[in-house]
Amino acid sequence: MHSRRQFLSRAGGAGAVVLLAPHAAFGSAKSRQLLRGGRFDQGVLSGDPTPRGITLATILDDVEGSGGVRLEVARDKHFKNVVARTVIGTNAARNHSVKVRVNGLRSAEDFYYRFETSNRHSPVGRFRTAIPDDSREPLRFAFYSCADYTHGYYNAYEAMAREDDLDFVVCLGDYIYADTQHTRADGTAVRDDKRGEAKTLDDYRAKYALYRSDESLRKLHARYPLVSLWDDHEVLNDYAGSLPNGGLPASDGYTVARRNAAYVAFFEAMPFVPSGRSRIYRALRFGRHAELILLDERQYRGDQPCGDTVGPDCAERQIPRPFLGAKQLSWTKARLSASNASWKLIGNPTLMMPTKAGPTTYAPMDAWMGYPQEREDLIAHVAKVSNVAFLTGDFHTFLAGDVRPQESADRAAAVAPEFQSGSITSQGLGEGQGGVIPGANDANPNTNPALIAALKGFNPWIHDADLDHHGYGIAEVRSDDLKVRFRRMKTIKKRSRERLPDLRWTVAKGQRSLFGN
């Protein structure tokens, strides 16, 4: 991997803009010569905003050979006031991906950017740099996960792109699905994924291109910066990344080489530069009031216990096994302790709250519930830190409740609230996910409220639940409170902008339980 810093004078302002292109080779004149042709079918992306910087990315399709792609960053959408301009080299080995970190920008300002070859140009994207560390301004962002291309239309992406005044959006994982879980032939899909299951690097690359063929997703990326994490479906369902076999049966076809190919495709496609080869856990600070602590709950984990199925508990669950892994767990606790932000927000790809389908029946052990040693260790630490909240993905269900030790029914034991943001499209419990809900209906989910009440009885830490709908969360962070809303789409089975009333909560400073302290 090569890198080069190029210093460019800022037009109309003091200081300098610094461009760091980690995936671009600048060693030859050919790499500086603009490519000819190509298409920007996957749109443009910005990511990981800081007060002075941003990562910008695109992928050029339908082009051959090596060469350059020009990037321009400006203060206006007509590009009359350009603050940075450079040529970034790319080639087929990188899937003609282009990525650059731009530093030296002014904080809390809107900028516009575009890429071009010698005769083609990309759509124009927009981003806002983060507020400075000493700012008392509030923060407002969206968080989401689980966007199966086949199961429904991206109505939630369309709604997110139309939100007013977000600072950024957070993907908590399952941005793509390497497998294909639904088809129109079986009656559960609205559109087919004809590529089938991804197994090779080209397959994984094709998945990102397929998902970004949707205009609503491209629109979202062009409007707001993306803060990205992964979960399992970017590689293979339920894989455990620390094991050579992924903790999966041999028939699933998991290999380390396959995992690595999936990681390559992820880093090519997402507007994020890892620390080291594949480290994605990190923290981002936004003014005085918010620190976002982002966890990797897949790469370092051991195998899920109890066969990872819906069923009774098992003794195996009490055998220590890594989830975050010792290094990441230690880092997480240190970040929580060191942060002086008003709110410490944990970007959490899988549920911290337990999930039980009956008094002695557990849902699959793929989340924190399957790893009680690290779970209880982190909970004990969070209990010593004020104003923590978990923002969670993966479970395809809107849930809000308390993070408590073990399976405590005592609301006084809560250490922090948790907000599970549903899914963009992936099948939920009311649609038949996991076969947990009697009478589930993929075409018309309508879970009986009495059944939800019964499930809450088995799971007394859950305050609110919607098992039937899809959407995303909105977090608004201020000095004295954290406001969370769940945006719920009326349907995903046809293209629609209709929404149901939001579910909403306000967490006051010092409040640890949604049931009241």
Side-chain angles (χ1 to χ4, degrees), residues 144-157 171-200 203-214 216-217 230-240 246-249 251-254 258-259 262 265-266 298 304 307-310 349-351 355 357 363-367 393-398 420-437 440-445 447 467-472 489 491-494:
Y144 70 92
S145 69
C146 305
D148 186 329
Y149 178 83
T150 61
H151 187 247
Y153 291 111
Y154 285 160
N155 298 333
Y157 282 152
C171 177
L172 294 165
D174 294 347
Y175 180 93
I176 64 164
Y177 274 61
D179 54 344
T180 301
Q181 299 190 348
H182 304 277
T183 66
R184 285 190 288 184
D186 72 17
T188 62
V190 301
R191 50 193 178 183
D192 285 323
D193 174 358
K194 297 180 181 178
R195 292 285 308 197
E197 185 173 343
K199 298 180 179 179
T200 67
D203 291 340
Y204 285 106
R205 287 168 167 171
K207 289 286 185 178
Y208 288 94
L210 172 68
Y211 278 53
R212 291 174 180 169
S213 68
D214 188 282
S216 295
L217 178 54
W230 59 35
D231 191 29
D232 54 341
H233 287 283
E234 287 87 355
V235 179
L236 190 61
N237 185 37
D238 289 350
Y239 85 97
L248 299 170
S251 59
D252 283 3
Y254 177 91
R258 182 175 176 179
R259 180 203 66 192
F266 177 90
R298 190 58 57 176
Q304 293 83 241
D308 195 25
T309 60
V310 177
T350 65
L351 261 174
T355 49
M365 296 288 183
D366 191 53
D394 179 60
F395 199 53
H396 309 179
T397 299
F398 287 113
Q420 157 70 52
S421 61
S423 73
I424 296 294
T425 53
S426 300
Q427 190 178 56
L429 295 178
E431 295 164 321
Q433 177 198 13
V436 172
I437 303 300
N441 186 326
D442 187 79
N444 184 30
T447 304
L467 312 186
D468 300 326
H469 297 101
H470 301 268
Y472 54 96
M489 309 311 298
T491 182
I492 61 168
K493 293 304 186 183
K494 63 179 181 180

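For clarity, every value in this text was computed on a predicted model and none was experimentally measured.
None of T150, T183, D214 except one satisfies the side chain to side chain donor-acceptor pair (under 3.5 Å) rule with R191; the exception is D214. The one candidate from T491, T425, V190 that meets the side chain to side chain contact (heavy atoms under 4.5 Å, CB included) condition with Y153 is V190.
When every heavy atom of Y149 is checked against every heavy atom of D192, the shortest pair comes out as CE2-O, 3.9 Å. Closest approach of V235 to R259, counting heavy atoms only: CG1-CA, 3.8 Å. Y154 and A147 get closest at one heavy-atom pair: OH-O, 2.7 Å.
For the residue pair E431 / N441, no side-chain donor-acceptor distance below 3.5 Å is found, with atom types taken as modelled. H233 and D148 share no side-chain donor-acceptor pair at under 3.5 Å.
Counting non-hydrogen atoms of neighbouring residues, nucleotides and ligands closer than 6.0 angstrom, the NZ atom of K493 exceeds 12 such neighbours.
Residues passing the side-chain hydrogen bond (donor to acceptor under 3.5 Å, both in side chains) test with D174, sequence neighbours excluded: none.
With rounding to the nearest 0.5 angstrom, the CG atom of D394 is 9.5 Å from the OG atom of S426.
Two residues are said to be in side-chain contact when any heavy atoms from C-beta on lie closer than 4.5 Å; Y175 and Y144 meet this criterion. With a 4.5 Å cut-off on side-chain heavy atoms, D203 and R195 count as touching.
The main-chain N or O of Q181 is never found under 3.5 Å from a side-chain atom of D179 such that the two would form a donor-acceptor pair. Under a 3.5 Å cut-off, the side chain of S216 and the backbone N or O of Y157 do not form any donor-acceptor pair.
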Run the numbers on R258 and E234 for salt bridge (Lys or Arg N to Asp or Glu O under 4.0 Å), then give the verdict. CA-CA 11 Å; R258 182 175 176 179; E234 287 87 355; over 6 Å; no
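Aromatic ring pairs are classed by plane angle as parallel below 30°, tilted from 30° to 60° and perpendicular above 60°; the pair Y177 and H396 is tilted.
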